[in-house]
Amino acid sequence: MIEIKDLTKRYGSFTAVDSLTMDIAKGTVFGFVGPNGAGKSTTMSILATLLAPTSGSAKVGGFEVTEHPGDVRRLIGYMPDFFGVYDNFKTTEYLDFYGASYGLSRAERKKIIPQLLELVNLSDKAEFYVDSLSRGMKQRLCLARCLVHEPELLILDEPASGMDPRARIEMREILKELKLMGKTIIISSHILPELAEMVDEIGVIEQGRLIAKGRVSDIQQGMRANRVLHIRLLEREDEALAMLAEEPYVSMSYLDEQGIHLHFGGTDADQAALLGRLIGHGYRVVSYSEAQTNLEDVFMEITKGAKLS
Amino acid sequence: MNVTDRLINPVLEKEFRLRMRSVKSIVAILSYLVAMALLAFGFLYVTMNDYGMQAFNPERSQMLFYFITGSQMVLICFMTPGLTAGVISGEREKQTLNILLTTRQSSASIILSKLAASLSFMVLIVIATLPLYSMVFLFGGVSPSELISVFLFFLFVMVMLGAVGVFFSTMFKKTMVAVILTYGFTVVIYGFTGLFAIFLSAILPRGNMLAGYVLGTNPMGALLSLLNEDFSREVFGRASSLQIWHIFVPFYTLVTVLAILLSIRYLRPILRKPAGNGKQ
């Protein structure tokens, strides 16, 4: 659905996007992760035909964004990170205006608007003025606006920013529904746990460069090469810590009130052997577990590596 | 898509709807009419006391027409930039422009609809002043064709100032900058060109037509030539059939077309194909 090759965007001497290359398959929910100023919004703006790239190529649905912007606009629904609404417009009028702007007939608009309002749980606000809605409601309305022309690709730039926890959950549920509808979605967010549940793939971008891309589970698996083990013993933890520090594959170890923490670089077999040696030395093991890595850990680990390199 | 959908552009419909729902619009029409009425009745009051008479002299009817028309012209130059210089930059400031630009509306359709909506409102204001002109017809001295030509001239000036306002609004991100530049342009064409023409006529030998050509870029000069043919003869010489508005209309048609075309060109980023080697 999206093919990006050597995409670069420069503003004078500042490079916002640096030789970005990636593909996103149709029907994928792709999480675009990165700190502020990493180049996520710039990439999304280029895909939405709002910015011209300095060099490289970006295709949406096979259409080059610089050559066929009209065809690209037909395929996409774009939700910017910051957006405004028109004063004195009612919710239905707001959607009707954008429907008409996408070339939908009056009859088509009349049919789709109630469906969209139902999808985003705003049916009871149909006759309310848009500027009287809460921020969360406006975000949902904007999402409904993205869908008015039934696009194949949704480009959502921080769709849940500024929302309270309840509004975030509501937004997440809507996005899950859209995923079930088979839409291709590219979504950026700072709130990594909220992406973890719904994305198929993530791309980590920093300083305009894509530093990791793949299925969340694959990236997490890759991180297991440097997993953190958490060990609790019934007694003699200080003694065990000294012993573990001498073990192969252990790069770092420390003890706190929760027990022993080990940074372990071995395989699953090495991990099992380590447990065997602990028991063999007479330590009474209460628990021996691997710390769970979430998307936030993945992001921190990858970006730490990128910064060091 | 039916005929109504085709005829009414969504951006135009939105502009009409939002503008007419705003209290500011009603206040603008009211303020304009009050200003015009005060000027017209002020003129009547002042002239009624001429020569010790306590009545309006019908011979002054044509002067009243000129006075109302001139006042209207000044008010148009104040109102039009204010109405048009924020149409694109305002959307940008409200963060609604990017969303609009990702729809299937063409740049031409957005620019022309915005211009048409702003001008329609100005036309509505000017038409609302028609009853004031009835005072002139009450006393006679002005033909309906004169009134029509004056209104067509107003329309032309509004389109021209509106196009320039939309152009600055497209080219500059801040509405404040666009408004200042549009008013700056208005001051130049209303004031500077007039003063420069006067200066040229003072220093150039009689018969030199340069001052007339400069005056041809001044809306007031063009309006005067439209109301009084002798005015152009005084500027260009008795033998010349050239009217000042003959220069004004083609010159500002060019300015208008150029302003609209540039606005359309620069509304969206220029998505040119990047260099094949990946470097620029």
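In this text, all values refer to a predicted model and were calculated from it rather than measured experimentally. Chain letters run A, B, ... following the sequence lines, proteins first and then strands; every chain starts at 1.
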Decide if atom [atom1] of [X] counts as having more than 12 heavy atoms of other residues, nucleotides or ligands within a radius under 6.0 Å.
X: B:Phe156; atom1: CZ; result: yes
X: A:Lys59; atom1: NZ; result: no
X: A:Gln115; atom1: CD; result: yes
X: B:Met176; atom1: CE; result: no
X: A:Arg135; atom1: CZ; result: yes

Which salt bridge (charged side-chain N to carboxylate O under 4.0 Å, His left out) pairs, counting each pair once, include a residue from residues 119-130 of chain A, with sequence neighbours left out? A:Lys90-A:Glu127
Contact part of [X] toward chain B, heavy-atom cut-off under 4.5 Å: side chain, backbone, both or neither?
X: A:Val85; result: backbone
X: A:Leu50; result: both
X: A:Val65; result: backbone
X: A:Cys142; result: side chain

Identify which part of B:Arg21 has an atom lying under 4.5 Å from any heavy atom of chain A, answering side chain, backbone, both or neither. both
So what's closer than 4.5 Å to chain A heavy atoms on B:Ser109: side chain, backbone, both or neither? neither
Starting at CG of A:Asp96, measure out to CD of B:Glu13 and round the result to the nearest 0.5 Å. 7.0 Å
Test item: B:Arg17 and A:Phe89 side chains (from C-beta on) under 4.5 Å apart, heavy atoms: yes
Toward chain A: residues of residues 90-108 of chain B with heavy atoms under 4.5 Å: B:Glu91, B:Lys94, B:Gln95, B:Thr96, B:Asn98, B:Ile99, B:Leu100, B:Leu101, B:Thr102, B:Thr103, B:Arg104, B:Gln105
